[in-house]
There are 2 protein chains.
Amino acid sequence: MAYRKTDKVAARLADTRRGILDAARDLVSEGGFAAVQMTEVAKKAGVATGTLYRYFSSKEALCRQVFREVSAREMGMLAEIASGEEAASERLVKVLRTFAGRAVRGRRLSYALLAEPLDVNLAEERSFFRRTHAEIFAGLLEDGIDNGEFPEIDVRIAAACIAGAIPTALIGPLAPESHELDNNPDRVVEEIVKFCLGGAGIALAAGKSNTRERRTTA
Amino acid sequence: MAYRKTDKVAARLADTRRGILDAARDLVSEGGFAAVQMTEVAKKAGVATGTLYRYFSSKEALCRQVFREVSAREMGMLAEIASGEEAASERLVKVLRTFAGRAVRGRRLSYALLAEPLDVNLAEERSFFRRTHAEIFAGLLEDGIDNGEFPEIDVRIAAACIAGAIPTALIGPLAPESHELDNNPDRVVEEIVKFCLGGAGIALAAGKSNTRERRTTA
DNA sequence: CATGCTGGTGAACCATGGTTCATTCCTTGT
DNA sequence: ACAAGGAATGAACCATGGTTCACCAGCATG
(Lines give C-alpha, C1' and ligand atoms only; values in the text may rest on other atoms or scores of the structure.)
Protein backbone atom coordinates (compact mmCIF):
# COMPACT_ATOMS: atom_id res chain seq x y z
CA MET A 1 0.00 0.00 0.00
CA ALA A 2 1.44 3.24 -1.00
CA TYR A 3 -1.31 5.69 -1.03
CA ARG A 4 -4.01 6.78 1.33
CA LYS A 5 -6.05 9.90 1.07
CA THR A 6 -4.65 12.49 3.38
CA ASP A 7 -6.50 15.42 4.87
CA LYS A 8 -4.84 17.87 2.61
CA VAL A 9 -5.93 15.97 -0.44
CA ALA A 10 -9.42 15.54 0.90
CA ALA A 11 -9.58 19.27 1.35
CA ARG A 12 -8.38 19.87 -2.16
CA LEU A 13 -10.95 17.48 -3.51
CA ALA A 14 -13.65 19.25 -1.58
CA ASP A 15 -12.40 22.52 -2.98
CA THR A 16 -12.55 21.25 -6.50
CA ARG A 17 -16.04 20.00 -5.96
CA ARG A 18 -17.09 23.35 -4.57
CA GLY A 19 -15.39 25.05 -7.46
CA ILE A 20 -17.35 23.00 -9.93
CA LEU A 21 -20.61 23.71 -8.18
CA ASP A 22 -19.81 27.39 -7.98
CA ALA A 23 -18.91 27.52 -11.63
CA ALA A 24 -22.15 25.84 -12.55
CA ARG A 25 -24.12 28.14 -10.28
CA ASP A 26 -22.49 31.16 -11.85
CA LEU A 27 -23.43 29.94 -15.27
CA VAL A 28 -26.99 29.47 -14.13
CA SER A 29 -27.27 32.94 -12.75
CA GLU A 30 -25.81 34.33 -15.93
CA GLY A 31 -27.73 32.40 -18.52
CA GLY A 32 -29.98 29.93 -16.79
CA PHE A 33 -29.63 26.18 -16.82
CA ALA A 34 -29.58 26.29 -20.57
CA ALA A 35 -26.14 27.82 -20.30
CA VAL A 36 -24.77 24.96 -18.27
CA GLN A 37 -22.64 22.98 -20.67
CA MET A 38 -20.11 20.62 -19.32
CA THR A 39 -17.28 22.12 -21.32
CA GLU A 40 -18.18 25.57 -20.06
CA VAL A 41 -18.43 24.44 -16.49
CA ALA A 42 -15.06 22.80 -16.79
CA LYS A 43 -13.51 25.87 -18.31
CA LYS A 44 -14.96 28.13 -15.65
CA ALA A 45 -13.92 25.82 -12.85
CA GLY A 46 -10.46 25.46 -14.32
CA VAL A 47 -10.57 21.72 -14.74
CA ALA A 48 -10.91 19.31 -17.62
CA THR A 49 -14.28 18.07 -18.69
CA GLY A 50 -13.42 14.57 -17.65
CA THR A 51 -12.80 15.79 -14.15
CA LEU A 52 -16.39 16.81 -13.78
CA TYR A 53 -17.31 13.18 -14.02
CA ARG A 54 -15.09 12.30 -11.12
CA TYR A 55 -17.33 14.45 -8.97
CA PHE A 56 -20.73 14.12 -10.55
CA SER A 57 -22.04 11.12 -12.33
CA SER A 58 -23.73 13.16 -15.03
CA LYS A 59 -24.73 16.61 -16.03
CA GLU A 60 -28.11 15.95 -14.55
CA ALA A 61 -26.62 15.12 -11.17
CA LEU A 62 -24.59 18.30 -11.22
CA CYS A 63 -27.55 20.44 -12.16
CA ARG A 64 -29.73 18.86 -9.55
CA GLN A 65 -27.21 19.64 -6.88
CA VAL A 66 -26.97 23.24 -8.04
CA PHE A 67 -30.71 23.56 -8.09
CA ARG A 68 -30.97 22.15 -4.62
CA GLU A 69 -28.36 24.37 -3.12
CA VAL A 70 -29.79 27.51 -4.60
CA SER A 71 -33.38 26.73 -3.86
CA ALA A 72 -32.63 25.53 -0.35
CA ARG A 73 -31.42 28.96 0.56
CA GLU A 74 -34.58 30.58 -0.70
CA MET A 75 -36.85 28.12 0.97
CA GLY A 76 -34.98 28.30 4.22
CA MET A 77 -35.47 32.00 4.31
CA LEU A 78 -39.19 31.75 3.79
CA ALA A 79 -39.57 28.85 6.16
CA GLU A 80 -37.86 30.78 8.88
CA ILE A 81 -40.19 33.72 8.52
CA ALA A 82 -43.17 31.44 8.37
CA SER A 83 -42.25 29.76 11.60
CA GLY A 84 -42.10 32.99 13.52
CA GLU A 85 -44.23 34.01 16.42
CA GLU A 86 -46.18 36.87 14.95
CA ALA A 87 -49.74 36.79 13.78
CA ALA A 88 -50.36 34.68 10.72
CA SER A 89 -51.28 37.67 8.63
CA GLU A 90 -48.10 39.40 9.59
CA ARG A 91 -46.02 36.39 8.71
CA LEU A 92 -47.87 35.86 5.48
CA VAL A 93 -47.25 39.38 4.35
CA LYS A 94 -43.61 39.09 5.20
CA VAL A 95 -43.26 35.84 3.36
CA LEU A 96 -44.95 37.22 0.28
CA ARG A 97 -42.83 40.33 0.33
CA THR A 98 -39.66 38.37 0.76
CA PHE A 99 -40.52 35.93 -1.97
CA ALA A 100 -41.51 38.61 -4.41
CA GLY A 101 -38.76 40.97 -3.38
CA ARG A 102 -36.03 38.43 -3.80
CA ALA A 103 -37.40 37.31 -7.12
CA VAL A 104 -37.49 40.81 -8.46
CA ARG A 105 -33.99 41.55 -7.34
CA GLY A 106 -32.34 38.36 -8.46
CA ARG A 107 -34.39 37.98 -11.53
CA ARG A 108 -32.10 35.87 -13.63
CA LEU A 109 -31.58 33.30 -10.99
CA SER A 110 -35.19 33.34 -9.91
CA TYR A 111 -36.22 32.91 -13.47
CA ALA A 112 -34.04 29.85 -13.70
CA LEU A 113 -35.53 28.41 -10.55
CA LEU A 114 -39.12 29.25 -11.24
CA ALA A 115 -39.83 29.65 -14.89
CA GLU A 116 -37.04 28.72 -17.22
CA PRO A 117 -37.84 25.92 -19.61
CA LEU A 118 -35.86 22.95 -18.46
CA ASP A 119 -35.94 19.28 -19.01
CA VAL A 120 -37.86 16.75 -17.09
CA ASN A 121 -35.16 15.72 -14.66
CA LEU A 122 -34.70 19.20 -13.39
CA ALA A 123 -38.37 19.90 -13.62
CA GLU A 124 -38.74 17.32 -10.91
CA GLU A 125 -36.45 19.29 -8.71
CA ARG A 126 -38.36 22.44 -9.44
CA SER A 127 -41.56 20.71 -8.68
CA PHE A 128 -40.29 19.96 -5.22
CA PHE A 129 -39.18 23.53 -4.81
CA ARG A 130 -42.54 24.92 -5.78
CA ARG A 131 -44.43 22.44 -3.76
CA THR A 132 -42.49 23.47 -0.73
CA HIS A 133 -43.35 27.06 -1.41
CA ALA A 134 -46.96 26.20 -1.67
CA GLU A 135 -46.78 24.29 1.57
CA ILE A 136 -45.40 27.29 3.33
CA PHE A 137 -48.20 29.44 2.02
CA ALA A 138 -50.76 26.82 2.84
CA GLY A 139 -49.46 26.45 6.36
CA LEU A 140 -49.71 30.15 6.97
CA LEU A 141 -53.18 30.35 5.57
CA GLU A 142 -54.23 27.50 7.76
CA ASP A 143 -52.78 29.14 10.82
CA GLY A 144 -54.72 32.25 10.04
CA ILE A 145 -57.92 30.35 9.50
CA ASP A 146 -57.52 28.35 12.66
CA ASN A 147 -57.27 31.38 14.85
CA GLY A 148 -59.94 33.25 12.98
CA GLU A 149 -57.76 35.80 11.30
CA PHE A 150 -58.69 34.65 7.80
CA PRO A 151 -61.88 33.37 6.28
CA GLU A 152 -62.20 29.72 5.46
CA ILE A 153 -60.93 28.86 2.05
CA ASP A 154 -59.32 25.94 0.35
CA VAL A 155 -55.78 26.59 1.42
CA ARG A 156 -54.21 24.24 -1.05
CA ILE A 157 -55.76 25.91 -4.00
CA ALA A 158 -55.12 29.38 -2.72
CA ALA A 159 -51.52 28.47 -2.04
CA ALA A 160 -51.11 27.17 -5.57
CA CYS A 161 -52.61 30.36 -6.94
CA ILE A 162 -50.18 32.43 -4.95
CA ALA A 163 -47.27 30.30 -6.03
CA GLY A 164 -48.28 30.83 -9.62
CA ALA A 165 -49.23 34.46 -9.50
CA ILE A 166 -46.02 35.81 -8.07
CA PRO A 167 -43.55 34.38 -10.54
CA THR A 168 -45.75 35.14 -13.48
CA ALA A 169 -46.33 38.70 -12.51
CA LEU A 170 -42.69 39.28 -11.68
CA ILE A 171 -40.51 37.29 -13.95
CA GLY A 172 -42.69 35.47 -16.38
CA PRO A 173 -43.51 36.62 -19.85
CA LEU A 174 -46.14 38.88 -18.41
CA ALA A 175 -43.92 40.73 -16.06
CA PRO A 176 -44.09 44.48 -16.45
CA GLU A 177 -41.36 45.98 -18.58
CA SER A 178 -38.14 45.56 -16.77
CA HIS A 179 -37.51 49.24 -16.52
CA GLU A 180 -40.58 49.56 -14.39
CA LEU A 181 -39.40 46.75 -12.20
CA ASP A 182 -36.06 48.43 -11.94
CA ASN A 183 -37.48 51.83 -11.23
CA ASN A 184 -40.06 50.92 -8.72
CA PRO A 185 -39.83 47.30 -7.74
CA ASP A 186 -41.40 47.89 -4.37
CA ARG A 187 -44.60 49.23 -5.80
CA VAL A 188 -44.93 46.21 -8.03
CA VAL A 189 -44.19 43.90 -5.17
CA GLU A 190 -46.80 45.55 -2.99
CA GLU A 191 -49.36 45.34 -5.71
CA ILE A 192 -48.73 41.65 -6.11
CA VAL A 193 -48.85 41.06 -2.40
CA LYS A 194 -52.15 42.87 -2.30
CA PHE A 195 -53.51 40.64 -5.00
CA CYS A 196 -52.48 37.51 -3.17
CA LEU A 197 -53.96 38.64 0.10
CA GLY A 198 -57.18 39.60 -1.58
CA GLY A 199 -57.31 36.25 -3.28
CA ALA A 200 -57.03 34.57 0.05
CA GLY A 201 -59.93 36.63 1.27
CA ILE A 202 -57.85 38.81 3.48
CA ALA A 203 -59.08 42.35 3.17
CA LEU A 204 -55.70 43.97 3.24
CA ALA A 205 -55.71 42.70 6.75
CA ALA A 206 -53.31 43.72 9.40
CA GLY A 207 -52.72 46.70 7.20
CA LYS A 208 -49.65 47.15 9.20
CA SER A 209 -46.85 49.28 8.06
CA ASN A 210 -48.02 48.90 4.57
CA THR A 211 -47.50 52.54 4.03
CA ARG A 212 -44.54 53.10 1.90
CA GLU A 213 -41.82 51.19 0.24
CA ARG A 214 -40.74 49.23 3.16
CA ARG A 215 -38.27 46.83 1.89
CA THR A 216 -37.66 43.43 3.14
CA THR A 217 -34.06 42.57 3.08
CA ALA A 218 -32.86 41.15 -0.13
CA MET B 1 -44.38 25.48 -70.30
CA ALA B 2 -45.90 22.26 -69.49
CA TYR B 3 -47.26 22.44 -66.03
CA ARG B 4 -49.52 24.65 -64.02
CA LYS B 5 -51.06 23.80 -60.71
CA THR B 6 -54.60 22.64 -61.20
CA ASP B 7 -57.36 22.88 -58.64
CA LYS B 8 -57.35 19.22 -57.88
CA VAL B 9 -53.67 19.30 -57.13
CA ALA B 10 -54.02 22.42 -55.06
CA ALA B 11 -56.66 20.69 -53.02
CA ARG B 12 -54.50 17.68 -52.51
CA LEU B 13 -51.64 19.88 -51.38
CA ALA B 14 -53.88 21.64 -48.95
CA ASP B 15 -55.02 18.28 -47.64
CA THR B 16 -51.50 17.13 -47.10
CA ARG B 17 -50.67 20.32 -45.30
CA ARG B 18 -53.68 19.93 -43.08
CA GLY B 19 -52.76 16.32 -42.49
CA ILE B 20 -49.32 17.30 -41.34
CA LEU B 21 -50.67 19.95 -39.02
CA ASP B 22 -53.24 17.57 -37.63
CA ALA B 23 -50.65 14.90 -37.06
CA ALA B 24 -48.46 17.36 -35.23
CA ARG B 25 -51.36 18.62 -33.17
CA ASP B 26 -52.28 15.09 -32.21
CA LEU B 27 -48.76 14.44 -31.05
CA VAL B 28 -48.87 17.59 -28.98
CA SER B 29 -52.07 16.66 -27.28
CA GLU B 30 -50.69 13.21 -26.58
CA GLY B 31 -47.26 14.04 -25.34
CA GLY B 32 -46.72 17.75 -25.58
CA PHE B 33 -44.38 19.54 -27.92
CA ALA B 34 -41.58 17.37 -26.68
CA ALA B 35 -43.23 14.51 -28.54
CA VAL B 36 -43.16 16.32 -31.84
CA GLN B 37 -40.37 14.72 -33.79
CA MET B 38 -40.26 15.16 -37.48
CA THR B 39 -40.04 11.46 -38.15
CA GLU B 40 -43.04 10.85 -35.94
CA VAL B 41 -45.04 13.60 -37.56
CA ALA B 42 -44.24 12.18 -40.94
CA LYS B 43 -45.20 8.69 -39.92
CA LYS B 44 -48.46 9.86 -38.42
CA ALA B 45 -49.31 12.00 -41.41
CA GLY B 46 -48.42 9.20 -43.80
CA VAL B 47 -45.72 11.08 -45.67
CA ALA B 48 -41.97 11.02 -45.83
CA THR B 49 -39.91 13.24 -43.59
CA GLY B 50 -38.63 15.18 -46.54
CA THR B 51 -42.17 16.05 -47.46
CA LEU B 52 -42.60 17.95 -44.25
CA TYR B 53 -40.02 20.37 -45.47
CA ARG B 54 -41.98 21.04 -48.60
CA TYR B 55 -44.68 22.50 -46.41
CA PHE B 56 -42.80 23.93 -43.47
CA SER B 57 -39.37 25.40 -43.55
CA SER B 58 -38.36 23.85 -40.26
CA LYS B 59 -39.62 22.06 -37.25
CA GLU B 60 -39.89 25.36 -35.52
CA ALA B 61 -42.15 26.75 -38.22
CA LEU B 62 -44.39 23.73 -37.98
CA CYS B 63 -44.63 23.91 -34.22
CA ARG B 64 -45.33 27.60 -34.31
CA GLN B 65 -48.19 27.05 -36.66
CA VAL B 66 -49.61 24.33 -34.47
CA PHE B 67 -49.26 26.49 -31.42
CA ARG B 68 -51.01 29.35 -33.16
CA GLU B 69 -53.89 27.34 -34.38
CA VAL B 70 -54.55 25.74 -31.07
CA SER B 71 -54.13 28.86 -29.03
CA ALA B 72 -56.15 30.99 -31.42
CA ARG B 73 -59.18 28.88 -30.74
CA GLU B 74 -58.82 29.34 -27.01
CA MET B 75 -58.21 33.02 -27.24
CA GLY B 76 -61.06 33.57 -29.61
CA MET B 77 -63.40 31.95 -27.18
CA LEU B 78 -62.34 34.16 -24.34
CA ALA B 79 -62.26 37.27 -26.45
CA GLU B 80 -65.79 36.67 -27.57
CA ILE B 81 -67.06 36.39 -24.03
CA ALA B 82 -65.07 39.41 -23.00
CA SER B 83 -66.58 41.53 -25.70
CA GLY B 84 -70.13 40.79 -24.63
CA GLU B 85 -72.68 43.22 -23.37
CA GLU B 86 -73.09 42.12 -19.81
CA ALA B 87 -71.65 43.79 -16.76
CA ALA B 88 -67.89 43.58 -16.49
CA SER B 89 -68.05 41.42 -13.42
CA GLU B 90 -70.33 38.99 -15.18
CA ARG B 91 -68.05 38.79 -18.17
CA LEU B 92 -65.00 38.44 -16.01
CA VAL B 93 -66.44 35.53 -14.13
CA LYS B 94 -67.43 33.86 -17.34
CA VAL B 95 -64.00 34.34 -18.83
CA LEU B 96 -62.29 32.97 -15.77
CA ARG B 97 -64.58 29.99 -15.66
CA THR B 98 -64.10 29.27 -19.32
CA PHE B 99 -60.36 29.56 -19.13
CA ALA B 100 -60.07 27.41 -16.05
CA GLY B 101 -62.73 24.98 -17.16
CA ARG B 102 -61.20 24.36 -20.53
CA ALA B 103 -57.78 23.96 -19.03
CA VAL B 104 -58.94 21.40 -16.54
CA ARG B 105 -60.76 19.40 -19.18
CA GLY B 106 -58.08 19.40 -21.84
CA ARG B 107 -55.24 19.20 -19.46
CA ARG B 108 -52.61 17.69 -21.67
CA LEU B 109 -53.06 20.22 -24.40
CA SER B 110 -53.42 23.10 -21.98
CA TYR B 111 -50.30 22.01 -20.25
CA ALA B 112 -48.48 22.13 -23.55
CA LEU B 113 -49.78 25.60 -24.25
CA LEU B 114 -49.28 27.05 -20.84
CA ALA B 115 -46.66 25.28 -18.88
CA GLU B 116 -44.66 22.67 -20.75
CA PRO B 117 -40.97 23.33 -20.92
CA LEU B 118 -40.25 24.33 -24.45
CA ASP B 119 -37.48 26.04 -26.25
CA VAL B 120 -37.09 29.69 -26.83
CA ASN B 121 -38.65 29.86 -30.27
CA LEU B 122 -41.90 28.44 -29.09
CA ALA B 123 -41.68 30.25 -25.84
CA GLU B 124 -42.05 33.38 -27.88
CA GLU B 125 -45.30 32.10 -29.25
CA ARG B 126 -46.47 31.23 -25.80
CA SER B 127 -45.51 34.60 -24.60
CA PHE B 128 -47.86 36.13 -27.13
CA PHE B 129 -50.58 33.74 -26.10
CA ARG B 130 -50.25 34.60 -22.47
CA ARG B 131 -49.97 38.25 -23.12
CA THR B 132 -53.20 38.15 -25.00
CA HIS B 133 -54.83 36.41 -22.11
CA ALA B 134 -53.59 39.03 -19.76
CA GLU B 135 -54.87 41.73 -22.05
CA ILE B 136 -58.31 40.23 -21.98
CA PHE B 137 -58.25 40.14 -18.21
CA ALA B 138 -56.87 43.62 -18.00
CA GLY B 139 -59.50 44.96 -20.35
CA LEU B 140 -62.26 43.50 -18.28
CA LEU B 141 -60.82 44.81 -15.07
CA GLU B 142 -60.54 48.21 -16.60
CA ASP B 143 -64.12 48.13 -17.79
CA GLY B 144 -65.22 47.28 -14.29
CA ILE B 145 -63.15 50.02 -12.77
CA ASP B 146 -64.36 52.60 -15.24
CA ASN B 147 -67.97 52.07 -14.41
CA GLY B 148 -67.36 51.70 -10.72
CA GLU B 149 -68.00 48.00 -10.40
CA PHE B 150 -64.48 47.25 -9.21
CA PRO B 151 -62.06 49.11 -7.00
CA GLU B 152 -59.08 50.79 -8.56
CA ILE B 153 -56.09 48.54 -8.90
CA ASP B 154 -53.18 48.13 -11.20
CA VAL B 155 -54.93 46.14 -13.86
CA ARG B 156 -51.78 45.00 -15.58
CA ILE B 157 -50.35 43.47 -12.50
CA ALA B 158 -53.62 41.92 -11.46
CA ALA B 159 -54.08 40.50 -14.92
CA ALA B 160 -50.61 38.97 -14.82
CA CYS B 161 -51.38 37.44 -11.45
CA ILE B 162 -54.54 35.91 -12.76
CA ALA B 163 -52.82 34.61 -15.83
CA GLY B 164 -50.25 32.96 -13.62
CA ALA B 165 -52.49 31.69 -10.88
CA ILE B 166 -54.89 29.74 -13.02
CA PRO B 167 -52.46 27.53 -14.90
CA THR B 168 -50.38 26.89 -11.85
CA ALA B 169 -53.30 25.90 -9.72
CA LEU B 170 -54.80 23.74 -12.42
CA ILE B 171 -52.06 22.09 -14.36
CA GLY B 172 -48.76 23.07 -12.90
CA PRO B 173 -46.80 20.95 -10.51
CA LEU B 174 -48.92 22.39 -7.75
CA ALA B 175 -52.20 21.27 -9.10
CA PRO B 176 -54.24 19.32 -6.62
CA GLU B 177 -54.01 15.60 -7.06
CA SER B 178 -55.47 14.79 -10.38
CA HIS B 179 -58.08 12.51 -8.93
CA GLU B 180 -59.53 15.49 -7.20
CA LEU B 181 -59.54 17.42 -10.42
CA ASP B 182 -61.21 14.50 -12.07
CA ASN B 183 -63.75 14.01 -9.35
CA ASN B 184 -64.76 17.54 -8.79
CA PRO B 185 -63.28 19.83 -11.35
CA ASP B 186 -66.00 22.39 -10.96
CA ARG B 187 -65.33 22.92 -7.31
CA VAL B 188 -61.66 23.48 -8.02
CA VAL B 189 -62.49 25.87 -10.84
CA GLU B 190 -64.83 27.86 -8.64
CA GLU B 191 -62.27 28.08 -5.92
CA ILE B 192 -59.71 29.41 -8.32
CA VAL B 193 -62.15 31.89 -9.77
CA LYS B 194 -62.91 33.06 -6.28
CA PHE B 195 -59.24 33.61 -5.63
CA CYS B 196 -58.79 35.65 -8.76
CA LEU B 197 -61.80 37.82 -8.06
CA GLY B 198 -60.69 38.38 -4.51
CA GLY B 199 -57.25 39.33 -5.71
CA ALA B 200 -58.76 41.91 -7.96
CA GLY B 201 -60.65 43.29 -5.00
CA ILE B 202 -63.99 42.01 -6.13
CA ALA B 203 -66.01 40.66 -3.27
CA LEU B 204 -67.37 37.56 -4.88
CA ALA B 205 -69.45 39.65 -7.21
CA ALA B 206 -72.23 38.20 -9.28
CA GLY B 207 -71.68 35.03 -7.27
CA LYS B 208 -73.46 32.27 -9.05
CA SER B 209 -74.29 29.75 -6.43
CA ASN B 210 -71.21 28.81 -4.69
CA THR B 211 -72.03 28.79 -1.07
CA ARG B 212 -70.50 25.74 0.38
CA GLU B 213 -66.80 25.39 0.50
CA ARG B 214 -64.62 23.16 2.41
CA ARG B 215 -61.13 23.59 3.50
CA THR B 216 -58.85 20.78 2.61
CA THR B 217 -55.64 20.39 4.42
CA ALA B 218 -52.40 20.37 2.56
C1' DC C 1 -47.22 10.19 -75.64
C1' DA C 2 -43.32 12.91 -75.01
C1' DT C 3 -41.82 16.64 -72.32
C1' DG C 4 -41.17 19.63 -68.48
C1' DC C 5 -42.16 20.35 -64.07
C1' DT C 6 -43.67 19.90 -59.42
C1' DG C 7 -44.52 16.84 -55.54
C1' DG C 8 -42.68 13.10 -52.85
C1' DT C 9 -39.10 10.11 -50.95
C1' DG C 10 -35.99 8.47 -47.15
C1' DA C 11 -31.42 7.30 -46.30
C1' DA C 12 -27.46 9.94 -45.56
C1' DC C 13 -25.73 13.96 -43.48
C1' DC C 14 -24.60 17.11 -39.91
C1' DA C 15 -24.55 19.77 -35.49
C1' DT C 16 -24.81 19.65 -30.80
C1' DG C 17 -23.31 18.37 -26.64
C1' DG C 18 -22.95 14.71 -23.08
C1' DT C 19 -19.83 10.89 -21.88
C1' DT C 20 -15.77 7.84 -21.97
C1' DC C 21 -11.08 6.14 -21.48
C1' DA C 22 -6.18 5.55 -22.55
C1' DT C 23 -2.76 8.31 -20.95
C1' DT C 24 -0.29 11.45 -17.97
C1' DC C 25 0.49 13.80 -13.64
C1' DC C 26 0.72 13.76 -8.50
C1' DT C 27 0.70 12.17 -3.97
C1' DT C 28 1.85 8.85 -0.47
C1' DG C 29 4.38 5.27 2.19
C1' DT C 30 8.56 2.72 2.25
C1' DA D 1 14.10 7.92 -4.63
C1' DC D 2 10.73 4.98 -6.17
C1' DA D 3 6.84 2.08 -6.69
C1' DA D 4 1.76 2.01 -6.44
C1' DG D 5 -1.96 3.81 -6.65
C1' DG D 6 -5.50 7.65 -7.24
C1' DA D 7 -6.60 12.13 -9.70
C1' DA D 8 -6.77 14.77 -13.85
C1' DT D 9 -6.79 15.26 -18.65
C1' DG D 10 -9.10 16.25 -23.21
C1' DA D 11 -9.62 14.45 -27.61
C1' DA D 12 -12.36 10.90 -29.45
C1' DC D 13 -16.71 8.84 -29.17
C1' DC D 14 -21.55 8.41 -29.49
C1' DA D 15 -26.64 9.39 -29.39
C1' DT D 16 -30.15 12.23 -30.72
C1' DG D 17 -32.79 14.31 -33.92
C1' DG D 18 -33.29 18.05 -37.36
C1' DT D 19 -32.22 18.84 -42.23
C1' DT D 20 -30.77 17.95 -46.94
C1' DC D 21 -30.53 16.20 -51.59
C1' DA D 22 -30.13 13.16 -55.44
C1' DC D 23 -33.54 10.60 -57.31
C1' DC D 24 -38.17 8.88 -58.53
C1' DA D 25 -43.31 9.42 -59.50
C1' DG D 26 -47.10 11.63 -61.33
C1' DC D 27 -49.65 15.31 -63.44
C1' DA D 28 -50.26 19.07 -66.95
C1' DT D 29 -49.33 20.64 -71.59
C1' DG D 30 -48.72 20.51 -76.94
Any A:R12 side-chain N or O less than 4.0 Å from OP1/OP2 of D:dA7: no
Interatomic distance, A:R54 CZ vs D:dA7 P [rounded to whole Å]: 5 Å
Closest approach of A:V41 to A:A23 (non-hydrogen atoms, all atoms of both residues): O-CB, 3.9 Å
Enclosure of B:E80 CD (heavy-atom neighbours >12, cutoff 6.0 Å): no
Heavy-atom pair of closest approach, residues B:A123 and B:L118: N-CD1, 3.4 Å
Derivation of the side-chain hydrogen bond (donor to acceptor under 3.5 Å, both in side chains) call for A:S127 and A:R131: CA-CA 6 Å; A:S127 181; A:R131 209 176 296 271; 3.1 Å; yes
Near-strand residues of residues 16-32 of chain B, defined as heavy-atom separation under 4.0 angstrom from DNA chain D: none
Backbone of B:V47 reached by a side-chain donor or acceptor of B:T51 within 3.5 Å: no
Carboxylate-amine/guanidinium contact A:R18 A:E69, below 4.0 Å: yes
Whether A:F137 and A:H133 hold their rings parallel, tilted or perpendicular, with breakpoints at 30° and 60°: parallel
Sequence-aligned protein contact record of nucleotides 16-22 of chain C, with B where the base is within under 4.0 Å of a protein heavy atom and S where only the sugar-phosphate is: -SSBB--
Touch class at under 4.0 angstrom, heavy-atom based, for B:Y55 against every strand present: sugar-phosphate
Cationic N near anionic O, under 4.0 Å, A:R130 to A:E135: no
